[in-house]
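Lettering of chains follows the sequences in order, A, B, ..., and the numbering in each one begins at 1. Only heavy atoms go into these numbers, but all of them, side chains included; no hydrogens, no water, no symmetry mates.
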Amino acid sequence: MKAIDLVEVQKHYGAVRALDGISAGFETGTLTHVAGPNGAGKSTLLRVIAGLTRPTRGRVAVLGVDLFRSLHAGERGRVGYLGADAGLYGELTLRENLQFCTRLHGVDKSRVDAVLDRLDLAEMSARPVSTLSLGFRRRAGLARLLVSDPELWLLDEPWNGLDADASASLASELRAHGEAGRTALVAAHVVGEYAGLFDRGVALHDGRLEEV
Amino acid sequence: MNAGPRVAAAVLGKDLRLDLRSKDRLGHMAVFSALVVVLLSISLPPAKRAATLWIPALMWVVFLFTSLLGLSRSFLAETAGGALATLSGAPCDRGWIFLGKAGANFVALLGVEIWTAVLFSVFLGVDWSRAVGPALGVALLGAAGLASVGTLLSALSATARFREFLLPVLLFPLILPVLVFASQATADALAEGAVRGLHWGALALYAWVFTLAGYFVFDHVLED
């Protein structure tokens with residue numbers, strides 16, 4: 001079964017064609033690496049799939065539904081997007097941010113402590129997110145994703161700013177996600193030693209998708 | 001609890017917490033309105049201060065400019081850390097996010113309205129004793145109208161290049177009915193201790209229409 005089904009998806013920003021007629025399917029339970037140079041359209045692709053950016057043309061089905069339709073709004077929680085920013089509030093502590101996510105997604109608050117322990121962030125939980133270093137903010141972003149427990153992960157350059165331990169921890173979370181039969185698309189210039197994690201590789205060039 | 005009301009309540013609680021935590025937004029609005037009222041009290045001839053016809057209009061104009069400061073910062077926390085994507089991923093119609101944000105703005109603006117009324121009382125000698133009930137009702141409906149349209153326009157202009165310019169340009173023409181009816185209703189409340197039904201109805205209708213409009217279009221506002 002396809003977790004993501006893209007049919008002739010286009011996204012234009014004025015004269016710029018960020019996505020230029022992409023048709024592709026991504027099977028449930030696969031981890032896919034999306035490669036491509038700067039400006040190739042990787043972030044746009046992930047945002048379109050996440051339901052954050054409406055495509056100019058084409059059809060996007062995610063987990064069997066069209067996330068842009070109000071009728072399927074309840075399904076948005078099944079998709080987790082982690083972009084360049086952590087998606088957290090700088091003035092709130094890490095714990096408050098994660099508790100806010102549990103309320104948004106209607107999940108048990110006990111997940112907060114479990115995730116903080118899992119990512120070694122318990123000591124940082126009482127600090128406002130704005131006071132965390134870039135690396136810890138990236139890890140906090142991953143914690144946000146894990147707290148809401150989405151079926152589909154869309155990660156944009158997730159290894160940026162992470163040290164070796166945190167990189168390994170992210171790889172381990174990705175592996176566990178895949179082993180649980182869940183799906184992830186990871187956009188990254190380079191994945192280096194973690195290339196083996198992925199079941200499939202695709203590359204974006206000038207808004208067009210190619211198999212690697 | 002259903003996902004929509006739960007998300008709206010979570011957003012409302014989060015925004016109020018942010019307001020109380022940073023104090024930037026509320027503090028700036030409180031200081032700005034205090035400065036304007038003090039300047040008015042110095043510049044207005046004492047003999048004219050007792051007139052109730054134009055004091056309400058002046059108060060609502062002060063309040064409108066003050067609320068602009070707060071509304072322009074309404075989505076700052078979301079755009080600064082990429083949290084707009086977090087909110088957009090909530091498992092409900094995005095109109096509920098609008099209701100949560102508008103609710104938090106309503107509380108902040110109502111607080112600023114009351115603060116401004118107190119300032120007018122202290123520095124310009126406005127006597128609210130006969131008008132507390134009706135004036136509070138007008139303040140509630142005025143804040144609701146301003147919060148609904150202000151939240152919507154604040155979201156629209158949040159990522160624009162000229163955000164500080166765009167928001168007042170969009171807001172002022174749209175908020176004119178609230179300004180007119182709230183000023184007249186406040187004048188009536190001060191003079192007669194009562195407000196005309198037409199004014200109640202107009203203020204309530206405005207708040208209702210823009211709250212509904214915000215609920216239904218917010219999905220498109222949040223999308224790129």
Which heavy atom of [X] sits nearest to which heavy atom of [Y], and what is that distance?
{"X": "A:Arg76", "Y": "B:Cys92", "value": "NH1-O, 3.3 Å"}
{"X": "A:Arg103", "Y": "B:Ala10", "value": "CB-CB, 3.8 Å"}
{"X": "B:Ala90", "Y": "A:Leu104", "value": "CB-CD2, 4.2 Å"}

Is it the case that atom [atom1] in [X] sees more than 12 heavy atoms from other parts of the structure closer than 6.0 Å?
{"X": "B:Phe165", "atom1": "CZ", "value": "no"}
{"X": "A:Asn160", "atom1": "CG", "value": "yes"}
{"X": "B:Trp115", "atom1": "CH2", "value": "no"}

*Do B:Pro91 and A:Glu75 come within less than 4.5 Å of each other through their side chains, counting heavy atoms only?*
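SC-SC contact between B:Pro91 and A:Glu75 ruled out.
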*Which residues from residues 137-154 of chain A are near chain B, with near meaning under 4.5 Å between non-hydrogen atoms?*
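Only A:Arg144 of residues 137-154 of chain A have a heavy atom under 4.5 Å from chain B.
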*asked:* Would B:Leu87 and A:Phe100 count as a side-chain contact (heavy atoms from CB on, under 4.5 Å) here? Give the steps.
replied: CA-CA 10 Å; B:Leu87 279 187; A:Phe100 172 62; 3.7 Å; yes
_Taking side chain as everything from C-beta outward and backbone as N, CA, C, O, which of these in B:Asp219 sits under 4.5 Å from a heavy atom of chain A? Side chain, backbone, both or neither._
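The answer is the side chain of B:Asp219.
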*Max heavy-atom pair count under 4.5 Å with chain B, selected residue of A:Leu52, A:Val48, A:Asn97*: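 Top count of heavy-atom pairs under 4.5 Å with chain B: A:Leu52.
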*Most heavy-atom pairs under 4.5 angstrom with chain A, which of B:Arg94, B:Arg17, B:Glu78, B:His220?*
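Ranked by contacts with chain A, first place is B:Arg94.
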*Charged N to carboxylate O below 4.0 Å: is that the case for B:Lys14 and A:Glu91?*
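Looking at B:Lys14 and A:Glu91, the cut-off is not met.
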*Can B:Thr86 and A:Leu88 be said to form a side-chain contact (heavy atoms from CB on, under 4.5 Å), step by step?*
CA-CA 8 Å; B:Thr86 304; A:Leu88 300 169; 5.8 Å; no
*Step by step, work out the side-chain contact (heavy atoms from CB on, under 4.5 Å) result for B:Arg21 and A:Glu96.*
CA-CA 12 Å; B:Arg21 179 75 47 86; A:Glu96 286 169 338; 2.7 Å; yes
